Amino acid sequence: DFGLMSYDPAFDNTASCRSSITYIDGERGILEYRGYPIEQLCQRSTYLEVAYLLIYGELPTREQLDQWVYEVTHHTFVHENIKAFMQGYRYDAHPMGMLLGCVGALSTFYPEAKRIDDPQERHMAAVRLIAKMPTLAAFAYRHNMGLPYVYPDNDLSYPGNFLSMMFKMTELKYRPDPRLERALDVLWILHADHEQNCSTNAVRSVGSSRVDPYSAIAAGVAALYGPLHGGANEQVVRMLEEIGSVENIPDFLAAVKRRERRLMGFGHRIYKNYDPRARIIKEHAYEVFEVTGKNPKIDIAVELEKRALEDEYFVSRKLYPNVDFYSGLIYEALNLPKEMFTVMFAIPRTSGWIAQWLEMLKDPDTRIARPRQIYTGARNRDYVPIEQRE
Ligand code: SDX
């Protein structure tokens, strides 16, 4: 016994901050951005409009939205040296690793962003990060595929430009399918923010040191890379591949209940009900399949969900599908490699990270992150000469 302090469960439950950006009711499966239900935003808004809403707190007027879209559209290029930086990675580098490095590198190209109290610098950092994340993501994909990088096409929509940079294979102008543009927009609205998740907490914590926004957002990319967070959508598809057929589901669920496996894409720290995002993504999956052809793994996913939701082990632990359970099936249907799935999460979460970073800066009570600990180690020991150690 090293003078172990008694464990204080409240230690885990202290709120890290006050926020007015995203509201979640985990028991009732409610998600709202700035008070607007996610269902309405998915039906009636666009990702760029939602990004504006998250960052500036209100839906933009027509003039504000046109200006915002113009600015984002005309900042999609990255410096040629960033392209050279990316070309320095191994051909098989994980795109999240490349994204992490390049977002951090952006901080060296915009040193003026260090003026984090300047409203114009804050605004430009938001514009540049939202504008350039799809470009960096597409460049990373083309790097992995050994294909020439495709520059942004400012005539296209935000999602359409991303599809062009990813899949354009000729000199002819890329014509994205509007159904895929809409599906991406909805997916990105659903992934834009989620209050104090792991990666947002990383952005707030790193940002509280008053580092520039590019470095703070790079911390969010790093946290999202983890398989328990943004990496789960990649793990879900690998899990479904391993299960292989509906007939193998009972054996897999038995292994989960023996704690030999995790049911990836299930469970959530906040949602103890169906994640509302999973429900919308499941509906959109079938709309995407009308364009791309059905991803056969969805039949295994739907049956797996059905069996789990009928199983006391999962019901008693309030384990439901989360945002990652179906999203990977859409990305796979779009012919994205699994390594790109988390990158597809990082693109839209950039607007949430920026909104949370700005809110943190504006909070007069914000101090540098410095959590306390419960010390459980040894105390007051005397140094032992090396010849006397066992
Ligand atoms: C995201 O925070 C956010 O908002 C995140 C996110 C966002 O938008 O930013 O929503 C995005 O990260 C979604 C989550 C993606 N991750 C996964 O799908 C990975 C699989 N899920 C689990 O690892 C887990 O559910 C977590 C990490 C998501 C949540 O973990 P918690 O809240 O810490 O839950 P826990 O580990 O304490 O589990 C409680 C019980 C345990 O059982 P007992 O040991 O008490 O018997 O539920 C079990 C766990 O073993 N459990 C699971 C499980 N998740 C929890 N058992 C099997 N499969 C699972 N997926």
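All of these numbers come straight from a predicted model, not from anything done at the bench. Start at 1 and go down the list; that is how both ligands and their atoms are numbered.
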With heavy atoms only and a cut-off of under 4.0 Å, state how N197 meets ligand 1: side chain, backbone, both or neither.
both
Does D185 use its side chain to pair, donor to acceptor, with the backbone of T46 at less than 3.5 Å?
no
Write out the residue and atom name of the closest protein heavy atom to atom 34 (O) of ligand 1, then the distance separating them to 0.1 Å.
R269 NE, 4.7 Å
To atom 8 (O) of ligand 1, the nearest of E195, H229, R277, R261 on a heavy-atom basis is R277
Ignoring hydrogens and geometry beyond distance, is a side-chain donor-acceptor pair present between Q196 and Q356 at under 3.5 Å?
yes
Do me a favour and list the nearest non-hydrogen protein atom to atom 28 (C) of ligand 1 with residue, atom name and distance?
G267 O, 3.7 Å
Could you tell me, atom by atom, which parts of ligand 1 come under 4.0 Å of a heavy atom of A232?
15 (C), 16 (N), 17 (C), 18 (O)
Test: R317 cationic atom under 6.0 Å from Y313 six-membered ring centre, within 45° of axis
yes
For ligand 1, which atoms sit closer than 4.0 Å to a heavy atom of L263?
57 (C), 58 (N), 59 (C), 60 (N)
Near E63 CD, under 6.0 Å, is it more than 12 heavy atoms from other residues, nucleotides or ligands?
no
Looking only at side chains, do T200 and H194 share a donor and an acceptor under 3.5 Å apart?
no
Closest protein heavy atom to atom 19 (C) of ligand 1, given as residue, atom name and distance to 0.1 Å:
M264 CE, 3.7 Å
Which residue supplies the protein heavy atom nearest to atom 50 (O) of ligand 1, what is that atom called, and how far is it?
R262 NH2, 3.2 Å
Do V343 and L336 share a hydrophobic cluster (ILVMFWY, side-chain heavy atoms under 4.5 Å, transitive)?
yes
What residue and atom, counting heavy atoms only, is the protein's closest point to atom 13 (C) of ligand 1, and at what distance?
D324 OD2, 3.4 Å
At what distance is the nearest protein heavy atom to atom 9 (O) of ligand 1, and which residue and atom is it?
R349 NH1, 2.8 Å
Just let me know how D275 lines up against ligand 1, side chain, backbone, both or neither, with a heavy-atom cut-off below 4.0 Å.
neither
Numbering the atoms of ligand 1 from 1, which are under 4.0 Å from a heavy atom of G265?
17 (C), 18 (O)
Specify side chain, backbone, both or neither for L228, according to which of its non-hydrogen atoms lie closer than 4.0 Å to ligand 1.
both
Option passing side-chain contact (heavy atoms from CB on, under 4.5 Å) with T350 (candidates L129, V103, V203, V221)
L129
Quick one: is the NZ or CZ of R279 closer than 6.0 Å to the six-membered ring centre of Y274, and within 45° of its axis?
yes
Among non-hydrogen protein atoms, atom 10 (O) of ligand 1 lies closest to H268 NE2, 2.6 Å
Contact region, V256 to ligand 1, non-hydrogen atoms below 4.0 Å, reads side chain
In terms of heavy-atom contacts, does CD of E58 have more than 12 from other residues, nucleotides or ligands at under 6.0 Å?
no
Looking only at non-hydrogen atoms, the one of M239, R317, K272 nearest atom 48 (C) of ligand 1 is R317
If you measure from the Lys or Arg side-chain nitrogens to the Asp or Glu carboxylate oxygens, is any gap between K257 and D311 under 4.0 Å?
yes
Can you tell me if L319 contacts ligand 1 (heavy atom of the residue under 4.0 Å from the ligand)?
yes
Side chains of Y326 and H284: any donor to acceptor distance under 3.5 Å?
no
min-distance protein heavy atom vs atom 44 (O) of ligand 1 -> R259 NH2, 3.4 Å
